[in-house]
Undergrad: 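Quick one: this structure, given as structure tokens, is what I'll be asking you about.
Letters go in sequence order (proteins before strands), and every chain restarts at 1.
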2 protein chains.
Amino acid sequence: MTETAVGSSAVESAAALKAHPESKSQQAYAAVKARIVEGTYTPGYRLVLAKIAEDLGFSVVPVREAIRRLEAEGLVKFERNVGATVSGIDPTEYLYTMQTLSIVEGAATALSAPLIDSIAIARARAVNQEMRECLEHFDPVRFTALNQDFHSVLFEHCPNPHILDLVHRGWNRLASLRSSTFRFVPGRAQESVREHEALLQLIEGGADADTIEKAARQHRAATLDAYLSTTN
Amino acid sequence: MTETAVGSSAVESAAALKAHPESKSQQAYAAVKARIVEGTYTPGYRLVLAKIAEDLGFSVVPVREAIRRLEAEGLVKFERNVGATVSGIDPTEYLYTMQTLSIVEGAATALSAPLIDSIAIARARAVNQEMRECLEHFDPVRFTALNQDFHSVLFEHCPNPHILDLVHRGWNRLASLRSSTFRFVPGRAQESVREHEALLQLIEGGADADTIEKAARQHRAATLDAYLSTTN
DNA sequence: TTCATAGTTATCGTATACGATTTCGTACTT
DNA sequence: AAGTACGAAATCGTATACGATAACTATGAA
């Protein structure tokens, strides 16, 4: 587990089924996205079409298309006759993204809850345990990845792929902000791990959808609150 | 009021501010989107790049880019070496879209509620009154447009543009299904108008966010339920 | 020294061209 | 008559080329 770049799963798995060589625009999309999510291209980074095209070894047209797609996902900003830059670390954007995530993650969790079996719960617990260990060794990068894994386990049988897609977009958006000021408010991580366990117990106990949704939403919202409290 | 095509408002208004002539890919995007939303291109319609390019009077590259953008919004399906078609009327997709809409509309309404003033409430009531009249004259197309207007008034000061964007995407998605089997379950429209009034009263009365969110969510969900009950 | 302006460079935007892939029709075989 | 294989047409995918726009720089005047 612990894959970092989370993609529009539906699209990508469909593409994988066809034994087709990936189109170059597809490749360019994946490549640039990966660089943004990994942090090679940090926010504000100037994405020059010709340069990227040369790097990847093909022409500008597919690259252009890829950039446009990333723009639609909010990962890059594209200005006419000026060019593309990796989307910024505007605190307001962070707030919007986190708030939206709290809503869609809450919904995704509530919808998935009735479909989660005990095996998945056990796996989620194992991931959460790993997260605890990360805290001891202070490994924030892995912690974040595991956090996504934890929720991914819960979302495995999410009955609505659209909502799942929105979750993934949010995650990617946040990933592009890596190593910005928006991470690791002291103490929040510990609390987060505790909330995970509480969430699992709610699911195990067959709590009603509304309770689970509120808990999951609050889980994300608390991280946002923790950040906000540090700045004010 | 009563504009039909709802766009990523942030992007479009920004583009409007620059006195720039719209780029051709932008024009192509708007044009094709409009045709889909208006119903000129119905689901399943084959979008041949060269043909569209000729119609619009420019080359295929910008058209291609536009189609890709529409793909990202879910309005068209693009298959490699085969081409683009207007996204289909799969009942499952309808369910996904409506369910997602119920969630994001619910959230958008709850977030907006505290910011809605009495003038806006009055305007919303006026729109709702028009909707009643539409029911008498049986004008479903206008009814749908007014329905969007009603909610748009409520969302005018929505503090989170991301969520608003998701709402708009959902609306566009549904619009592309116009004149499909997914509309106008008998009696549902009347109920919808009543629910609008109830929603306004909740907002006026300063109901708490949770109550408003549930009401708004249920309002959309009920339409979905009405559809589902007709098929089973 | 600072500001305005003109010219240069970098970069984007789009058209055209051609190769690759798919689809569809037709002829041939069983 | 039905199915298969082959070939032609349609369509997509990408490269290259060139025009348009904006950013930058240098030069001159106040």
Undergrad: Scan nucleotides 14-18 of chain C against the protein and return all N/O pairs shorter than 3.5 Å with their distances rounded to 0.1 Å.
TA:
from, atom 1, to, atom 2, distance (Å)
C/dT14, OP1, B/Lys24, N, 2.3
C/dA15, OP1, B/Ser59, N, 3.2
C/dA15, OP2, B/Ser59, N, 2.6
C/dA15, OP2, B/Ser59, OG, 3.4

Undergrad: Could you check whether B/Arg142 pairs with B/Glu130 (Lys NZ or Arg NE/NH1/NH2 to Asp/Glu carboxylate O, under 4.0 Å)?
TA: yes
Undergrad: Between NE2 of B/His151 and NE2 of B/His168, what distance do you get to the nearest 0.5 Å?
TA: 11.5 Å
Undergrad: Which value, rounded to the nearest 0.5 Å, describes the distance between B/Arg217 atom CZ and B/Gln99 atom CD?
TA: 9.0 Å
Undergrad: One character per nucleotide, please: for nucleotides 5-11 of chain C, 5' to 3', B when the base has a protein heavy atom closer than 4.0 Å, S when only the sugar-phosphate does, - otherwise.
TA: ------S
Undergrad: Measure across B/Ser59 and B/Pro62 and return the closest heavy-atom pair with its distance rounded to 0.1 Å.
TA: O-CD, 3.2 Å
Undergrad: Which value, rounded to the nearest 0.5 Å, describes the distance between B/Glu156 atom CD and B/Asp117 atom CG?
TA: 8.5 Å
Undergrad: Take A/Leu224 and A/Ser102, measure what side-chain contact (heavy atoms from CB on, under 4.5 Å) needs, and give me the verdict at the end.
TA: CA-CA 9 Å; A/Leu224 173 58; A/Ser102 80; over 6 Å; no
Undergrad: Would you give the length of the straight line joining atom SG of A/Cys158 to atom CD1 of A/Ile116, rounded to the nearest 0.5 angstrom?
TA: 9.5 Å
